[in-house]
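Everything on this sheet refers to the single structure shown next.
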Amino acid sequence: MFEIQMETTARVLVAHGKGILAADESTGTIEKRFKSVGAACGEGNRRDYRELLFTAPGLGEFISGVILFDETIRQRAADGTALIDALKRQGIVPGIKVDKGAKALAGFAGEKITEGLDGLRERLMEYRELGARFTKWRAVITIGSNVPTDLCIRANAHGLARFASLSQEAGLVPIVEPEVLMDGDHTIERHAEVTQRTLRIVFEELAAYRVRLEAMLLKPNMVLSGKDCPQQASVPEVAASTLRCMRRTVPAAVPGLVFLSGGQSDVRATQHLSAMCQLDAAPWELSFSFGRALQAPALKAWAGLPANAGAAQQELLHRSKCNSAARCRSYSDAMEAHRERFTNETGP
Ligand code: 13P
């Protein structure tokens with residue numbers, strides 16, 4: 001009964017020139033990120049940081065949706081407004097991460113399985129009541145000497161498909177995220193091969209579980225050289241390899257691909273997105289659902305100090321604007337050169 005609404009939401013999330021802000025770091029992950037900039041990590045600080053992100057003036061011009069963490073969807077801003085309402089005021093669709101994290105896969109050294117299916121139906125109903133309209137589940141596939149195994153890919157694909165079907169039952173658009181990590185010294189060809197194998201199995205499972213492709217989004221990794229590979233592929237190579245891999249595996253019925261950034265630098269992630277959008281027309285919208293690549297400069301500018309909130313907002317707006325421009329084929333290096341002036345002129 002939610003089919004039309006879900007298809008509309010999926011299309012709104014990949015609307016022209018807009019993308020998704022992933023702000024769904026678990027408490028442990030955000031603690032690591034805060035530590036890296038010398039910020040303390042209490043509940044209040046997490047709230048203040050996310051409040052500044054969500055209330056950045058004009059964010060809704062570039063950002064269609066925000067992925068929240070369980071704690072955040074229940075929090076209120078300093079003035080008492082629910083954070084979820086602060087997003088809605090900007091015309092931004094609230095979403096929620098519903099997996100419980102990637103844990104060691106017993107019997108398979110070095111591989112992971114994402115947990116969180118138990119009780120998921122009930123949690124989804126609650127999130128819908130709280131105002132969420134889409135969900136996210138991240139599976140992690142690692143490349144190493146004898147990994148990934150087919151079993152690990154299958155087990156994770158099964159989890160993603162069950163998550164997606166339960167989300168659609170609850171009227172929530174699932175964002176299916178099978179992330180093949182860029183950690184390691186593998187070549188771009190190896191990353192392409194593993195990403196292709198993974199996506200094939202993921203779409204087999206989605207079909208087996210009767211997931212409606214028109215009412216979901218795929219959040220894939222870009223196809224890259226491993227972080228420690230001495231031979232780093234160029235931006236055009238990454239764009240071509242990624243699109244080739246997606247065309248071979250992702251049905252055209254899926255409305256959009258919202259790429260994760262996965263540890264790339266913020267500017268490099270934008271350059272890759274821009275290069276893909278410049279290539280021939282793809283059957284799906286090509287967009288972004290970045291965590292670190294949208295937040296890193298903002299987090300650095302903030303550093304846990306309330307006085308820096310305005311400067312941090314300007315950094316988030318800048319990255320959002322650059323990624324929006326990438327989608328519109330109007331991104332250029334000049335936008336980054338302008339960056340310092342932008343920050344200095346409009347920051348506090
Ligand atoms: P990154 O863009 O930092 O990879 O985060 C996206 C995300 O939501 C990971 O689950």
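Ligands are counted one by one from 1 in listed order, and the atoms in each one are counted from 1 as well. When a residue number appears, it is its place in the shown sequence, counting from 1.
- Remark: minimum distance from atom 5 (O) of ligand 1 to any protein heavy atom is reached at G291 N, 3.5 Å.
- At least one heavy atom of S289 sits closer than 4.0 Å to an atom of ligand 1.
- In terms of polar-atom proximity, E179 is not counted as a contact of ligand 1, lacking any N or O under 3.5 Å from an N or O of the ligand.
- Judged as a salt bridge (Lys or Arg N to Asp or Glu O under 4.0 Å), the pairs with a partner in residues 53-70 (not counting sequence neighbours) are, in order, D70-R74.
- A side-chain hydrogen bond (donor to acceptor under 3.5 Å, both in side chains) with E25 is found for one member of Q295, K97, R292 and no other, namely Q295.
- Taking distance alone, with nitrogen or oxygen atoms compared against 3.5 Å, G262 approaches ligand 1 more closely than that limit.
- At a heavy-atom distance under 4.0 Å, only side-chain atoms of R138, from C-beta outward, approach ligand 1.
- Contacts with ligand 1 closer than 4.0 Å are made by heavy atoms of both the backbone and the side chain of S261.
- One hydrophobic cluster, built from ILVMFWY side chains closer than 4.5 Å, cannot hold both L260 and V66; they sit in different ones.
- Although no hydrogens or angles enter the test, the distance criterion places a donor-acceptor pair under 3.5 Å between the side chain of S324 and the main chain of G17.
- When R33, K97, E25, E177 are ranked by how near their heavy atoms come to atom 9 (C) of ligand 1, first place goes to E177.
- In this structure, D150 pairs ionically with R197, as a charged nitrogen and a carboxylate oxygen lie closer than 4.0 Å.
- Nearest protein neighbour of atom 10 (O) of ligand 1, counting heavy atoms only, is K136 NZ, 2.5 Å.
- Geometrically, R327 does not engage F62 in a cation-pi contact, judged by NZ or CZ lying under 6.0 Å from the ring centre and within 45° of the ring axis.
- Neither W137 nor I141 shares a network with the other; the hydrophobic side chains, linked directly or stepwise wherever heavy atoms of I, L, V, M, F, W or Y lie under 4.5 Å apart, form separate groups for each.
- Taking atom 6 (C) of ligand 1 as the reference point, the nearest protein heavy-atom neighbour is K219 NZ, 3.3 Å.
- In D24, the part holding a heavy atom less than 4.0 Å from any atom of ligand 1 is the side chain.
- Residue contacts with ligand 1: L260 is placed with no nitrogen or oxygen under 3.5 Å of a nitrogen or oxygen of the ligand (distance criterion only).
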